[in-house]
4 protein chains.
Amino acid sequence: MFLSIDTHDPRSIYQQVADGIKALIARGELAEGAALPPVRQLAADLGVNLNTIATAYRELQREGLLTVKHGSGAMVASRTLRKALTELVLAGLPKSKILRLVMDELRMVMKGAR
Amino acid sequence: MFLSIDTHDPRSIYQQVADGIKALIARGELAEGAALPPVRQLAADLGVNLNTIATAYRELQREGLLTVKHGSGAMVASRTLRKALTELVLAGLPKSKILRLVMDELRMVMKGAR
Amino acid sequence: MFLSIDTHDPRSIYQQVADGIKALIARGELAEGAALPPVRQLAADLGVNLNTIATAYRELQREGLLTVKHGSGAMVASRTLRKALTELVLAGLPKSKILRLVMDELRMVMKGAR
Amino acid sequence: MFLSIDTHDPRSIYQQVADGIKALIARGELAEGAALPPVRQLAADLGVNLNTIATAYRELQREGLLTVKHGSGAMVASRTLRKALTELVLAGLPKSKILRLVMDELRMVMKGAR
DNA sequence: GTGGTCTAGACCACG
DNA sequence: GTGGTCTAGACCACC
């Protein structure tokens with residue numbers, strides 16, 4: 001991940017980090033589903049505090065760009081996936097049916113990908 | 001479902017049924033995720049044999065337009081969903097990670113739909 | 001604006017105009033914040049004297065239904081806005097704090113409306 | 001302000017504080033426009049760290065329940081005010097006209113309150 | 001005076 | 001291992 005921090009930038013550090021990650025996602029350099037570096041590692045790489053990165057990740061999660069899970073890191077959320085699921089939810093499908101669809105599609109897609 | 005069968009049509013009946021359903025899906029009259037009538041019911045409605053409909057459904061399933069499950073009928077597949085899942089599979093994500101993403105996004109989407 | 005004057009109406013003309021505008025506001029045809037036609041234009045449209053319209057506008061302003069300003073015409077007052085401001089005044093907030101609240105909320109509202 | 005922290009509560013402290021303030025607002029014990037205690041003071045009162053309270057305030061601000069301003073503290077936002085301003089913005093009024101309305105209404109309201 | 005942010009270091013919860 | 005939170009204390013920016 002190529003992120004840089006500019007101490008002359010009027011934005012706060014965590015904001016620069018959040019904006020930087022947003023830009024990477026927007027440019028496709030961080031693909032949907034890609035894993036982000038652990039908070040501690042990125043903090044070390046950038047030479048900033050762990051909490052600063054955690055704040056950036058939290059902001060991105062709040063905006064729905066990141067999927068963060070305790071114990072297994074953060075990954076870039078999939079807008080396409082969200083769009084598809086939103087369609088199905090709005091169509092009134094119960095969660096169980098949606099999951100069935102997902103499992104079926106996934107099985108078919110992974111078979112094709114062998 | 002508005003499907004009609006023309007005995008003068010050179011196409012076989014199951015093909016007419018399959019093509020008719022494709023057209024309904026293409027026109028959006030059968031939305032992604034929508035349930036199709038049970039094989040027996042559609043056969044009765046159209047006055048054709050049960051196996052004819054089953055063959056049509058099988059063809060549509062083979063083409064990926066339908067998701068068919070023993071005991072719970074057929075439903076229109078979601079192209080958007082497939083596209084999203086394909087992206088993630090091609091990105092090299094293991095099934096487990098993809099399912100985590102799906103669950104996370106689904107939770108977020110359903111929360112917003114309250 | 002659809003206003004009509006009836007010379008057989010026992011009410012005075014300015015009263016008919018004022019009542020007519022009140023009715024337009026009540027029916028929502030003149031929304032809160034909407035601009036009213038200039039005094040001269042409305043007078044010409046209705047074929048009455050300029051002062052008659054001015055009197056009607058003054059009455060509506062006195063009743064708090066219109067906000068009139070030298071040089072920039074009249075507009076329909078916002079009952080909701082007045083209610084909100086009244087609340088804050090009664091809560092003892094000084095004008096400066098209220099204006100700060102207004103500016104903050106306005107900034108937030110206009111951002112969301114982008 | 002009556003807030004209490006329960007160390008046995010599974011929610012994080014900042015979440016308890018944020019929820020507590022939300023409840024106070026919902027019950028009307030913190031009126032619209034009311035000032036909240038300074039971050040440092042509330043932190044001292046509750047015996048927690050300054051940052052913990054700051055996090056709670058930030059969350060409430062993000063949700064639009066608080067108006068926070070550098071150097072002059074936090075106050076409860078006015079939902080009524082926001083609703084009124086939203087109406088006017090959606091009606092297409094430019095910021096300048098809206099502010100004129102506000103000033104006019106405010107002048108009228110404060111005169112009545114004398 | 002006010003809130004905003006950052007750091008260093010700690011402990012917890014999750015998997 | 002991962003992120004989440006809290007603390008203590010610092011400095012900055014705004015008014």
Side-chain angles (χ1 to χ4, degrees), chain A residues 1 3 5-19 21 34-62 65-77, chain B residues 94-97 99-101 103-104 107, chain C residues 94-97 99-101 103-104 107, chain D residues 1 3 5-19 21 34-62 65-77:
Chain A
M1 290 235 312
L3 285 176
I5 289 176
D6 177 3
T7 54
H8 294 73
D9 193 312
R11 293 173 301 168
S12 56
I13 298 182
Y14 86 85
Q15 197 65 54
Q16 291 183 46
V17 172
D19 289 351
I21 293 177
L36 269 78
V39 171
R40 281 162 183 77
Q41 182 192 313
L42 185 53
D45 287 354
L46 297 178
V48 301
N49 188 273
L50 169 168
N51 287 313
T52 306
I53 304 300
T55 302
Y57 276 26
R58 202 200 320 182
E59 166 152 339
L60 293 168
Q61 183 187 26
R62 195 173 45 73
L65 280 102
L66 251 47
T67 290
V68 181
K69 198 90 161 197
H70 241 76
S72 49
M75 64 171 72
V76 180
Chain B
K95 193 177 171 181
S96 59
K97 292 241 175 186
L99 286 179
R100 212 193 86 196
L101 261 182
M103 297 301 290
D104 280 357
R107 199 173 306 121
Chain C
K95 193 177 170 182
S96 58
K97 292 243 176 186
L99 286 179
R100 212 193 86 194
L101 262 181
M103 296 303 290
D104 280 357
R107 199 173 306 120
Chain D
M1 290 235 312
L3 286 177
I5 290 176
D6 177 2
T7 54
H8 293 73
D9 193 312
R11 292 173 301 167
S12 57
I13 298 182
Y14 86 84
Q15 197 65 55
Q16 291 184 46
V17 172
D19 288 351
I21 293 177
L36 268 79
V39 170
R40 281 162 182 77
Q41 182 192 312
L42 185 52
D45 287 355
L46 296 178
V48 301
N49 188 272
L50 169 167
N51 288 313
T52 306
I53 304 300
T55 302
Y57 277 25
R58 203 200 320 182
E59 167 152 338
L60 292 168
Q61 183 186 26
R62 195 173 46 72
L65 279 101
L66 250 48
T67 289
V68 182
K69 198 88 160 199
H70 241 76
S72 49
M75 64 171 70
V76 180

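Reminder, nothing fancy here: chain letters follow the sequence lines and each chain counts from 1.
Spacing between atom CG of D:Asp6 and atom P of F:dC6 amounts to 13 Å, rounded to whole angstrom units. Taking atom NE2 of D:His70 as the reference point, atom P of F:dC15 lies 8 Å away to the nearest angstrom. Across the protein-nucleic acid pair, C:Arg100 atom CZ and E:dT2 atom C1' stand 10 Å apart, rounded to whole Å. Summarising the geometry, the separation between CZ on A:Arg11 and P on E:dT5 is reported as 13 Å, rounded to the nearest angstrom. Counting to the nearest Å, the C1' atom of E:dA13 and the NE2 atom of D:His8 are 17 Å from each other. Between A:Gln15 atom CD and E:dC6 atom P there is a gap of 9 Å when expressed in whole angstrom units. Going from atom CD of D:Gln16 over to atom C1' of F:dT5 covers 12 Å, rounded to whole Å. The interatomic distance linking A:Leu36 (CG) with F:dT2 (P) rounds to 13 Å, in whole Å.
Across D:Thr52 and D:Tyr14, no two heavy atoms sit closer than the pair O-CB, 3.4 Å. Residues D:Asp9 and D:Gln16 share a closest heavy-atom pair of CB-NE2, 3.2 Å. The minimum heavy-atom distance between D:Ala74 and D:Val68, with the atom names listed, is CB-CG2, 3.9 Å. Between D:Leu3 and D:Leu46 the shortest heavy-atom distance is O-CD2, 3.5 Å.
Between D:Arg58 and A:Thr55, some side-chain heavy-atom pair lies under the 4.5 Å cut-off. Looking only at side-chain heavy atoms (C-beta outward), D:Lys69 and D:Met75 stay at 4.5 Å or farther from each other.
Under the side-chain contact (heavy atoms from CB on, under 4.5 Å) test applied with A:Leu60, the options A:Ile21, A:Asp19, A:Val17 reduce to a single match, A:Ile21.
Across the interface with DNA chain E, nearest-nucleotide mapping of D:Ala74 and A:Ser12 shows D:Ala74 to be the residue nearer the 5′ end.
Across all strands shown, E:dC14 pairs with F:dG1; the Watson-Crick or G-U wobble distances both stay below 3.5 Å.
Between A:Tyr14 and E:dC6, a side-chain N or O to OP1/OP2 separation shorter than 4.0 Å is absent.
Proximity of residues 39-60 of chain A to DNA chain E (heavy atom under 4.0 angstrom from any strand atom) is restricted to A:Arg40, A:Val48, A:Asn49, A:Asn51, A:Thr52.
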